[in-house]
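Have a look at the structure below, then the notes.
All figures in this text were calculated on a predicted structure; none of them were measured in a lab.
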Amino acid sequence: MPSRSEITYFGAGPALLPTDVLETAAQALLDYNGTGLGIAEHSHRSELATNIINAAKADLATYLDIPSADYEVLFMQAGGTGEFAASVYNLVGAWVARQHTALLQANPGADEATILASLRQKVKSELKLDYIVTGSWSLKAYQEAIRLVGPEYVNLVVDARTANDGKFGKIPDQSTWKLSKDAALVYYCDNETVDGVEFPEFPAILGPGPDGTGPIVVADMSSNILSRRIPVTNYSLLFFGAQKNLGSTGVTVAVLKKAFLPPTTVQPSAALLRKLGLPIPPIILQYETIAKNNSLYNTLSILDVFIAGQVLKKLLKTFPDKVDGQQALSAKKAELIYGALEAHPEAYKIVPDKSVRSRMNICFRVIKNGAVDESEKAFLKEATSIGLTGLKGHRSVGGIRASNYNSIPLEGAEKLAKFIGEFAKA
């Protein structure tokens, strides 16, 4: 069997973790800081756990330049899929709270029944959730919103398949997007893990106007977070599962603008939501509850937060210029792999359009000799034999997928690029 040092794992998630981080975590699992107990055995209510959470929050804010005065970092559970629901629950709740407050201010002295009737009409005629669908994960988020609130409240801003013969692989021009007025949220997935599509930059159409206000933008950054600089203040909510670039499966991060938390915004009561026919969030997915308890409303996996914290400390130590240093390295690795593929068009076909190729998930087909299935099986078998593993594409689309996450060293990208060339020539 091969040793860990002999393998470069390109799996899409759970992803490769730095060996030194795992070694530190392994020791902590047995005996954390000489306490005689492993980190998974200590109470999540302990000072030790609180310190681990606070350190990870601070290091994330430092690495990405998150303005801590304006944003709250929450450690949650249920993965990115759970956040599909949490974002709907919380931002629809915030929309209702704003409308309710405005009606009370505009109608002083009005009785409760009158306000409720007006609020119901507002919900019926004005509530919209906008979804930009560019791949498999944004499609799932869109479908979850429809399931939770109903299709009448969900607006499909754009379906990228209409620009690419029914398949994902392009992002239509922003001039074709159909955004709602004052949507409760505008969601997009910054990097589509399955389809290898990544927004090259923040969508300009979603940017704030001259007065500093703009759409309530929500982004799923599960598979490219920590890999490039992002304009944090353009977002109301960022969320990401840890298992790609941040750590191990079991913890999910939400970075929420504090304007959506008390005292500025208080979620409507369950009774009011029932009267409006809107869904009531499970309390574990309610951001204000998680924020109030510093992510410790229920038992959080402190081990997973610790691992995420160790990854962040390693990044900060490795890159004095923080995320900018990792961004340069990520681009260099992606260029090596794409360059090797482009050098052999007779053997490989890159799936997404060049304008939206992901730096993180490089998706391609092996078309050598016209025998795709046979060639891809041979490619995977030979790659595995030299320690290049995890390259099989997602089951829904097939092909080859090299997930070029932060933990892939430059040497690993170089080794894959070399193999791509050798296989094409063999």
Side-chain angles (χ1 to χ4, degrees), residues 72 74-131 140-157 180-187 215-218 220 236-237 239 252 254 256-300:
E72 186 68 40
L74 308 173
F75 289 103
M76 301 182 68
Q77 298 167 62
T81 301
E83 292 302 310
F84 295 165
S87 56
V88 170
Y89 288 131
N90 287 273
L91 294 178
V92 167
W95 184 92
V96 169
R98 291 194 301 276
Q99 302 304 320
H100 193 206
T101 298
L103 285 169
L104 290 170
Q105 292 173 345
N107 300 278
D111 60 33
E112 183 180 343
T114 299
I115 294 295
L116 179 59
S118 297
L119 188 54
R120 280 177 174 154
Q121 183 57 38
K122 281 270 188 184
V123 170
K124 183 178 179 180
S125 61
E126 297 180 23
L127 175 61
K128 288 295 177 185
L129 289 71
D130 281 5
Y131 283 80
K140 287 179 182 293
Y142 168 70
Q143 292 168 337
E144 179 71 343
I146 290 174
R147 191 182 72 85
L148 291 174
V149 299
E152 65 271 30
Y153 297 125
V154 182
N155 172 46
L156 180 59
V157 174
S180 303
K181 180 182 178 183
D182 299 325
L185 64 87
V186 182
Y187 165 95
I216 295 170
V217 181
V218 175
D220 178 352
S236 294
L237 170 66
F239 65 79
T252 309
L256 179 68
K257 191 172 282 189
K258 288 183 178 179
F260 291 93
L261 293 170
T264 307
T265 302
V266 178
Q267 287 289 308
S269 68
L272 178 56
L273 290 170
R274 283 193 195 97
K275 291 174 182 177
L276 296 172
L278 293 172
I280 299 162
I283 199 165
I284 198 60
L285 294 182
Q286 194 168 56
Y287 292 143
E288 67 179 40
T289 299
I290 303 304
K292 180 181 178 181
N293 291 277
N294 193 28
S295 300
L296 291 171
Y297 177 76
N298 70 334
T299 307
L300 182 68

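Closest approach of P268 and A97 over heavy atoms only: CG-N, 4.4 Å. Closest heavy-atom contact between S180 and N155: OG-ND2, 3.2 Å. Annotation for P279 and L273: closest pair O-CD1, 3.8 Å, computed over non-hydrogen atoms. Shortest non-hydrogen contact noted between G82 and L285 is O-CD1, 4.2 Å. Between A259 and T265 the shortest heavy-atom distance is O-OG1, 2.6 Å. Annotation for L237 and A254: closest pair CD1-CB, 4.1 Å, computed over non-hydrogen atoms.
Annotation: E152, atom CD; neighbour count of heavy atoms from other residues, nucleotides and ligands within 6.0 Å is above 12. K140 NZ: 12 or fewer foreign heavy atoms inside a 6.0 Å radius.
Formation of a donor-acceptor pair under 3.5 Å by the E288 side chain with backbone atoms of Q267 is found in this model.
How far CG of L74 is from NZ of K292: 14.5 Å, rounded to the nearest 0.5 Å. Rounding to the nearest 0.5 angstrom, the gap separating the CE atom in M76 from the OG1 atom in T289 is 9.0 Å. Taking CD of E112 as the reference point, atom CG of L104 lies at 10.0 Å (rounded to 0.5 Å).
At a threshold of 4.5 Å between non-hydrogen side-chain atoms, the residues D182 and I216 do not count as touching. Between F84 and Q143, every side-chain heavy-atom pair lies at or beyond the 4.5 Å cut-off. Residues E72 and L261 form a side-chain contact, since some pair of their non-hydrogen atoms from C-beta on lies under 4.5 Å apart. Residues L276 and V96 form a side-chain contact, since some pair of their non-hydrogen atoms from C-beta on lies under 4.5 Å apart. You'll find the side chain of K275 reaches within 4.5 Å of the side chain of R120, heavy atoms only. Within the 4.5 Å cutoff, no side-chain heavy atoms of Q77 are placed close to those of T252. Side chains of V123 and Y153 form a contact here, defined as non-hydrogen atoms less than 4.5 Å apart. Residues I284 and I290 meet the side-chain proximity criterion, which asks for heavy atoms closer than 4.5 Å.
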Exercise for the section: Begin from the C-alpha positions of I115 and H100 and carry the test side-chain contact (heavy atoms from CB on, under 4.5 Å) through to its verdict. Expected result: CA-CA 8 Å; I115 294 295; H100 193 206; 3.6 Å; yes

Practice task
Take K258 and T264, measure what side-chain contact (heavy atoms from CB on, under 4.5 Å) needs, and give me the verdict at the end.
Solution key: CA-CA 8 Å; K258 288 183 178 179; T264 307; over 6 Å; no

Practice task
Could you check L127 against L278 for side-chain contact (heavy atoms from CB on, under 4.5 Å), going step by step and ending with a plain yes or no?
Solution key: CA-CA 11 Å; L127 175 61; L278 293 172; 4.0 Å; yes

Practice task
Given side-chain contact (heavy atoms from CB on, under 4.5 Å), test I283 with Y297 step by step and report yes or no.
Solution key: CA-CA 9 Å; I283 199 165; Y297 177 76; 3.6 Å; yes

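Between Y187 and F239, the ring planes are parallel. Angles under 30° get that label, and only those over 60° would be called perpendicular.
Partners of A270 under the side chain to side chain contact (heavy atoms under 4.5 Å, CB included) rule, at least two apart in sequence or in another chain, are R274, I280. Considering only residues two or more places apart in sequence or on other chains, S269 meets the side chain to side chain contact (heavy atoms under 4.5 Å, CB included) condition with A271, L272. In this structure Y287 satisfies the side chain to side chain donor-acceptor pair (under 3.5 Å) test together with E83, sequence neighbours excluded.
For the side chain to side chain contact (heavy atoms under 4.5 Å, CB included) with Y131, the lone residue among V186, V154, V218, V157 that qualifies is V154.
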